[in-house]
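We number each residue from 1, following the sequence as shown.
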Amino acid sequence: MSGVVTGDAVVLGLQPARLPSRALAVLIDLVVVWAAYVLVMIGLVVATASLDEAAVAAVSVAAFLLVLVGAPIAVETLSHGRSLGKTACGLRVVRDDGGPIRFRHALVRGAMGIVEILMTFGVVACVASLVSERGRRLGDVFAGTLVVRERMPAARVLPVPPPPPWLVGRFAGLDLSAVPEGLWLEIRQYLTRARELDPGVGRQLAERLAGQLVARTGTPPPAGVPAEAYLAGVVAERQARDARRALAEAGGGVGVGVGVGTGAGVWTGTGTGVGVPDGFGGGGAGVAPAAAVPSGFSPVVPPVQPSAGPSAGPRTGAPPASAPAVGSSREDGPPATGFAPPA
């Protein structure tokens with residue numbers, strides 16, 4: 001990767017294209033351009049058969065410059081650095097700051113390409129690309145451009161091997177806040193490729209990484225634990241903490257529902273009952289207005305059942321169970337049973 005600094009002081013990680021891929025892209029472009037040039041020359045020969053030699057030579061030079069020089073410049077300008085060969089190879093021409101090229105960049109590259117590629121059969125371009133650290137030819141140096149790879153192969157992600165079962169949970173109290181991400185990345189890469197390394201080299205690398213991890217955490221590994229097992233156990237502990245944190249963030253909201261019930265009064269007469277909710281999920285008792293109760297009738301109020309749970313409370317809409325019936329008194333006889341005989 002090459003660190004390209006933009007005008008906003010942002011470092012871009014770009015991979016410069018090397019000589020093999022660039023040579024293949026140039027070869028594809030030359031095949032297409034020379035095929036178009038041959039077709040144009042055949043048409044010009046037929047069209048200029050009646051002209052003298054000077055006119056034919058002038059038309060030939062103009063066709064050469066137009067097809068072999070002007071066409072690549074126009075294509076790179078309009079496509080922002082993607083010619084047909086570069087598109088097929090996954091390459092692109094960008095400025096030194098990572099931005100798209102313009103006409104002046106394509107013009108300088110095309111003019112230098114006549115000397116580097118056409119007149120020297122690509123020898124100068126190959127030597128300059130091999131010498132340059134980022135694989136640039138002379139046209140790129142003078143134009144301030146860089147050919148980079150647009151299509152990167154997908155990296156193969158290898159799983160981290162699990163620690164020994166007797167180490168699971170042994171590092172639950174370890175403080176991992178001071179361990180940098182770069183060290184975690186080195187430990188993961190070592191664990192995923194430990195089986196591919198030489199045993200001696202792998203042991204030395206594991207001991208070095210374990211020493212750095214101990215210096216960051218301040219806690220040495222348990223006695224008798226190999227460095228590789230220690231690293232695997234600590235990485236497994238960090239993955240478990242990350243999983244728990246993600247689960248807690250995903251299920252952090254708690255829904256609270258409040259139910260509101262309604263009740264209806266039951267009357268023995270022709271009056272209408274109105275249910276009054278208590279506001280906490282229970283049903284309210286029926287209450288009838290005085291004008292709706294005919295003389296000689298008393299309401300039948302169902303017994304109030306206390307609701308279970310913290311929402312239980314007094315029923316504001318229900319009269320007390322010992323209330324006398326309408327049209328009767330306690331001196332007339334026993335308590336009302338819900339029906340008063342007519343006078």
Show which side-chain atoms of residues 204-220 pair as donor or acceptor with protein atoms under 3.5 Å away, not counting sequence neighbours.
| residue | atom | partner | partner atom | Å |
| --- | --- | --- | --- | --- |
| Thr217 | OG1 | Leu213 | O | 2.9 |

Do Pro72 and Asp29 have side chains that get closer than 4.5 Å, going by heavy atoms?
no
Which value, rounded to the nearest 0.5 Å, describes the distance between Arg193 atom CZ and Glu196 atom CD?
6.5 Å
Side-chain contact test, heavy atoms from C-beta onward, threshold under 4.5 Å: evaluate it for Arg244 versus Leu247 and give yes or no.
no
Heavy-atom nearest pair, Ala25 first then Leu91, reads CB-CD1, 4.2 Å
Does a side-chain N-to-carboxylate-O contact under 4.0 Å join Arg18 and Glu133?
no
With the 4.5 Å side-chain cut-off for hydrophobic clustering, are Val69 and Leu30 part of the same group?
yes
Are side-chain heavy atoms of Leu174 and Glu237 found at a separation under 4.5 Å?
no
Would you check if the side chain of Arg137 reaches a backbone N or O of Val127 as a donor-acceptor pair within less than 3.5 Å?
no
Shortest non-hydrogen contact from Arg134 to Pro16?
O-CB, 3.4 Å
Could you pull out the closest heavy-atom pair between Val33 and Val67, with the gap in Å?
CG1-O, 3.7 Å
Hey, any chance Leu146 and Ile101 share a hydrophobic cluster, counting ILVMFWY side chains that come within less than 4.5 Å of each other, even indirectly?
no
Do any N or O atoms from the side chain of Arg95 and from the backbone of Pro100 form a donor-acceptor pair under 3.5 angstrom?
yes
Are Leu66 and Leu84 grouped together when hydrophobic residues (ILVMFWY) are joined by side-chain heavy atoms under 4.5 angstrom apart?
no
Whether the side chain of Tyr190 engages the backbone of Gly202 through a donor-acceptor N/O pair (distance < 3.5 Å, no angle test) should be reported.
yes
Has Ser132 got a side-chain atom pairing as donor or acceptor with Ser129's backbone, closer than 3.5 angstrom?
no
Report yes if some heavy atom in the side chain of Phe121 is under 4.5 Å from a heavy atom in the side chain of Ile117; otherwise report no.
no
Acceptor/donor pairs from residues 103-115 side chains to any protein atom, 3.5 angstrom cut, sequence neighbours excluded:
| residue | atom | partner | partner atom | Å |
| --- | --- | --- | --- | --- |
| His105 | ND1 | Arg102 | N | 3.1 |
| Arg109 | NE | Asp140 | OD1 | 2.7 |
| Arg109 | NH1 | Glu76 | OE1 | 2.9 |
| Arg109 | NH1 | Glu76 | OE2 | 2.9 |
| Arg109 | NH2 | Asp140 | OD1 | 3.3 |

Establish whether Ile73 and Met119 are linked, either directly or via other cluster members, by ILVMFWY side-chain heavy-atom contacts under 4.5 Å.
yes
Value rounded to 0.5 Å, distance of SG in Cys89 from CD1 in Ile28:
4.5 Å
Decide side chain to side chain contact (heavy atoms under 4.5 Å, CB included) for Leu231 and Glu186; before the verdict, give the C-alpha distance in whole Å, the side-chain angles of both, and the deciding distance to 0.1 Å.
CA-CA 11 Å; Leu231 295 176; Glu186 291 183 19; over 6 Å; no
Determine whether Trp184 and Val235 satisfy the following criterion, side chain to side chain contact (heavy atoms under 4.5 Å, CB included), listing intermediate values before the conclusion.
CA-CA 8 Å; Trp184 285 121; Val235 170; 4.0 Å; yes
All heavy atoms of Ala232 vs all of Pro161, minimum pair found to be CB-O, 4.3 Å
To the nearest 0.5 Å, tell me how far Leu183 CG sits from Leu176 CG.
10.5 Å
Starting from Met41, can I reach Leu118 by hopping between I/L/V/M/F/W/Y residues whose side chains sit under 4.5 Å apart?
yes
Could you check if a side-chain atom of Gln239 sits within less than 4.5 angstrom of a side-chain atom of Arg188, using non-hydrogen atoms only?
yes
For the residue pair Ser79 and Arg82, what are the closest heavy atoms and their distance?
OG-O, 2.5 Å
With side chains defined as the heavy atoms from C-beta onward, is the minimum distance between Pro226 and Arg203 less than 4.5 Å?
no
I want to check something: taking the side chain as every heavy atom from C-beta on, are Val225 and Trp166 in contact at a cut-off of under 4.5 Å?
yes
Compare every heavy atom of Tyr37 with every heavy atom of Phe64, then report the nearest pair and how far apart it is.
CA-CE1, 3.5 Å
Evaluate the criterion side chain to side chain contact (heavy atoms under 4.5 Å, CB included) for residue pair Leu19 and Cys126; output intermediate values, then yes/no.
CA-CA 7 Å; Leu19 181 60; Cys126 291; 4.1 Å; yes
Taking the side chain as C-beta and beyond, is there a heavy-atom pair between Thr192 and Val160 under 4.5 Å?
yes
